[in-house]
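Structure first, commentary second.
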Protein chains: 2
Amino acid sequence: MHNAFLQRLSHAAPLAQNEIGVLEELCRNPRDIPAKKYLSRDGDEIVTFPVILSGWAARYQILRNGARQITRLLLPGDAFYFDSSPDAVAIEEVITLSPCQIVNIPHADMTRAIERHPAIGEAMRNYGCMENAILSSWVVNVGRRDALERMAHLICEAHYRLSLIDGTQGEQFFFPLTQDDLADVLGLTPVHINRKLQQLRHERLITLRSKQMTILNLRELQQVAGFDGAYLAPRNGDKDASGGFGAIAA
Amino acid sequence: MHNAFLQRLSHAAPLAQNEIGVLEELCRNPRDIPAKKYLSRDGDEIVTFPVILSGWAARYQILRNGARQITRLLLPGDAFYFDSSPDAVAIEEVITLSPCQIVNIPHADMTRAIERHPAIGEAMRNYGCMENAILSSWVVNVGRRDALERMAHLICEAHYRLSLIDGTQGEQFFFPLTQDDLADVLGLTPVHINRKLQQLRHERLITLRSKQMTILNLRELQQVAGFDGAYLAPRNGDKDASGGFGAIAA
DNA sequence: CGGAACATTGACGATAATCAAAGCGAGTGG
DNA sequence: CCACTCGCTTTGATTATCGTCAATGTTCCG
């Protein structure tokens, strides 16, 4: 299966073959978007129900002092405005972090699919739950972990989420965030990010060069992060896509 | 209307009279729970779809070093585990912060109500969106605001959310959080909370005694917080319950 | 080759954490 | 009614994590 959105949803709830067909149909005609492109809700880039099929993007808010906080990393298969009534999220903008393929699914089509296929509705609801769980975990991360732990946790999260959609090659994966981006995800400054990244490298936990992240010691990195993938685990019943992510106490 | 859950949902989507009747029926027989009581998902306190009708509670996570981070304040009308598949949220526990009235609505009943009344389904989805928006705002709060701004923002949020369900008397409202609780909401230490609370008092922005919060200067407090209630505003179309909450840039 | 974006380094400063003790206030029991 | 306790708040002194400022390197790309 090459469609990350499909993979996501089928991890969220079991989907029958014809339901998969319906979703594939909805995902025809993706558009290519370059990196570092702002996607405003009002612009023509985002209408209806936008989904990333490949690439990374981020939702963020800007404060009046100019500070930016990224509130969500959008990985392949993620929906931009899952939670949308059009006006409600006007505060949050989206920017691509790498070249992306994006489909805009008309809301009407999505609604029709959900009506005809309750399993799709269930999958969507469960997907929403996962978004929620990630948001909670970010609050915990930024609220109660120090800089090193935060970085480690984010890396574990990214790795796990990507692994569920075949976005990893073993412990290696595409990681397009600049240090400035990382700072805005983790609520730190770029300078501090730089230093903590170096610490992770010196402790032989990771490698990061040309947007290529390699986790050298996953167990230890998870240990540092206090990472437990349970909150991200597929809710499908059948799967074991997690590949041995474990029960490190949060 | 005396049922906070109804109020919430009718702010989320317009509900017809008979739909309100259905929901009222579901909310019969609430249970009284004392303050500072842990409500574990496994225990018999929480099954099905629990909703707070009165009182305050909080969802939180404990880290392995013993640190606690509160991830959600549950005010009257809020659902505990809106996002629930039973096992998924095992990491997060709930504790009451004041005496509470809680109803456990059987999932089957809720599902039936949603099937028969699409407006209820829509209201629930919109409610979920609002939860999401609050979580995002907390990430921003903890990630990019300093201690004073965070406190101010939380107070504004609480005041606004309560005002939507008639939980305020003007600028005055019940605020049961101890300084330890506040610390765990805002990702700070109790000592620091104490000092910043005093600062807010000295600047004549608030008063807080015996769990009674009074905002002395709402405009100024919102200014300090960079608070803009738009993300919490009713999505109902008709309402103006906001009572003049304004467009301070976030 | 030249420039722009990104990464790295160092020196210094500020916000918030830590540690420890004392004060307060409400409810309890003698 | 008063001492007593327990939870919560307040205060002070000290420390540390992280932020700020500014300069220098590096990588990538046309």
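In what follows, chains are A, B, ... by sequence order, proteins preceding strands, each numbered from 1.
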Exam field: side chain A:Y160 to backbone A:A230, donor-acceptor pair closer than 3.5 Å: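 Side chain of A:Y160 to backbone of A:A230: no pair is present.
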
Whole angstrom is fine here: how far is it from [atom1] in [X] over to [atom2] in [N]?
| X | N | atom1 | atom2 | value |
| --- | --- | --- | --- | --- |
| B:H192 | C:dA14 | NE2 | P | 15 Å |
| B:R145 | C:dT15 | CZ | C1' | 17 Å |
| B:K196 | C:dA17 | NZ | C1' | 13 Å |
| B:E149 | D:dG19 | CD | P | 14 Å |
| A:N65 | D:dT20 | CG | C1' | 14 Å |
| B:F175 | D:dT9 | CZ | P | 11 Å |
| B:L208 | C:dG25 | CG | C1' | 15 Å |
| B:I193 | C:dT18 | CD1 | P | 13 Å |

Taking only residues two or more places apart in sequence or in another chain, which ones pass side-chain hydrogen bond (donor to acceptor under 3.5 Å, both in side chains) with [X]?
| X | result |
| --- | --- |
| A:T71 | A:E92 |
| B:Q198 | B:N194 |
| A:K36 | A:D181 |

With 3.5 Å as the limit, what N/O pairs link the protein to nucleotides 3-10 of chain C?
{"from": "C:dA7", "atom 1": "OP2", "to": "A:Q179", "atom 2": "N", "distance (Å)": "2.8"}
{"from": "C:dT8", "atom 1": "OP1", "to": "A:R201", "atom 2": "NH2", "distance (Å)": "3.3"}
{"from": "C:dT8", "atom 1": "OP2", "to": "A:Q179", "atom 2": "NE2", "distance (Å)": "2.6"}
{"from": "C:dT8", "atom 1": "OP2", "to": "A:N194", "atom 2": "ND2", "distance (Å)": "2.7"}
{"from": "C:dT8", "atom 1": "OP2", "to": "A:R201", "atom 2": "NH2", "distance (Å)": "3.3"}
{"from": "C:dT8", "atom 1": "O5'", "to": "A:N194", "atom 2": "ND2", "distance (Å)": "3.1"}
{"from": "C:dT9", "atom 1": "OP2", "to": "A:Q198", "atom 2": "OE1", "distance (Å)": "2.6"}
{"from": "C:dT9", "atom 1": "OP2", "to": "A:Q198", "atom 2": "NE2", "distance (Å)": "2.8"}
{"from": "C:dG10", "atom 1": "N7", "to": "A:R195", "atom 2": "NH2", "distance (Å)": "2.4"}

Of all pairs that satisfy salt bridge (Lys or Arg N to Asp or Glu O under 4.0 Å), the ones with a partner from residues 147-156 of chain B, not counting sequence neighbours: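 For residues 147-156 of chain B, and leaving out neighbouring residues, there are no salt bridge (Lys or Arg N to Asp or Glu O under 4.0 Å) pairs at all.
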
Salt bridge (Lys or Arg N to Asp or Glu O under 4.0 Å) contacts touching residues 185-210 of chain A (sequence neighbours left out):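 Matches after skipping sequence neighbours: none remain.
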
Inter-end axis angle, the helix from C:dC1-D:dG30 to C:dG30-D:dC1, with every axis fitted to five base pairs (rounded, 10 degrees):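 Here the helix ends are tilted 30° relative to one another.
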
Basic-acidic side-chain contact under 4.0 Å: B:R72, B:E131: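 Salt bridge present between B:R72 and B:E131.
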
Qualifying residues under side-chain contact (heavy atoms from CB on, under 4.5 Å), relative to [X], sequence neighbours excluded:
| X | answer |
| --- | --- |
| A:D184 | A:R68, A:I70, B:R144 |
| A:P99 | A:A35 |
| B:A152 | B:L221, B:V224, B:A225 |
| B:S98 | B:W56, B:C100, B:F174, B:P176 |

Atom pairs under 3.5 Å: protein N/O with N/O of nucleotides 26-30 of chain D:
none

